[in-house]
Amino acid sequence: MSPFMPDMTSFLIVLIFLGVLVAARQVIVSKSTTIREKLGTGQRHIQLIDAYKLEKQTHLSLFDIQGQRFVVLHGAAQGGAIMKLDAGLPEQGLEDSHG
């Protein structure tokens, strides 16, 4: 037998190894929510609520960070700006601002 031809034992070892990897993947995928809860990675503290494109490279984003709302204005060529929204302000729609 040539040194470059794998024998049947090497072939079986590779197949068993791949089988164990596939089985481990299936267990991890099926238990992913439990694993996330135990690791604490399932909780998101920063959540993007909405985003608007104002100009070609200027964006306005609304974030919720642990119950507080922030507006972020950012673009490619200029520095960003962030503003915390007060919870005490009444919500106004577009119909209120024109009348």
pair [X]-[Y]: side-chain heavy atoms closer than 4.5 Å:
X   : Y   : answer
L60 : V71 : yes
K84 : Q68 : yes
L73 : I82 : no
I49 : F63 : no

Legend entry - Heavy-atom closest contact (L48 atom, L62 atom, distance):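 Closest heavy-atom pair between L48 and L62: CD1-O, 3.6 Å.
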Inset, instruction - Quick one: pull up CD in Q47 and CD in Q66 and give me the separation to the nearest 0.5 Å. - result: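 Rounded to the nearest 0.5 Å, the CD-CD separation comes to 12.0 Å.
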Inset, instruction - Measure the CG-CG distance between L85 and D64 for me, rounded to the nearest 0.5 Å. - result: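 It is 10.5 Å, given to the nearest 0.5 Å.
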Inset, instruction - Output all residues satisfying side chain to side chain contact (heavy atoms under 4.5 Å, CB included) with F11, sequence neighbours left out; order by chain, then residue number. - result: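 Side chain to side chain contact (heavy atoms under 4.5 Å, CB included) list for F11, sorted by chain: M8, L15.
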Inset, instruction - For residues 49-58, pull every pair meeting side-chain hydrogen bond (donor to acceptor under 3.5 Å, both in side chains), keeping only residues two or more places apart or in separate chains. - result: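 As it turns out, the side-chain hydrogen bond (donor to acceptor under 3.5 Å, both in side chains) pairs with a partner in residues 49-58, which skip direct neighbours, are D50-Y52, T58-Q78.
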Inset, instruction - Provide the full list of side-chain hydrogen bond (donor to acceptor under 3.5 Å, both in side chains) pairs with a residue in residues 9-34, sequence neighbours left out, each pair given once. - result: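 As it turns out, the side-chain hydrogen bond (donor to acceptor under 3.5 Å, both in side chains) pairs with a partner in residues 9-34, which skip direct neighbours, are D7-S10.
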Legend entry - Name of the residue among L21, V14, V20 meeting side-chain contact (heavy atoms from CB on, under 4.5 Å) with F17: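 With F17 as partner, side-chain contact (heavy atoms from CB on, under 4.5 Å) holds for just one option, L21.
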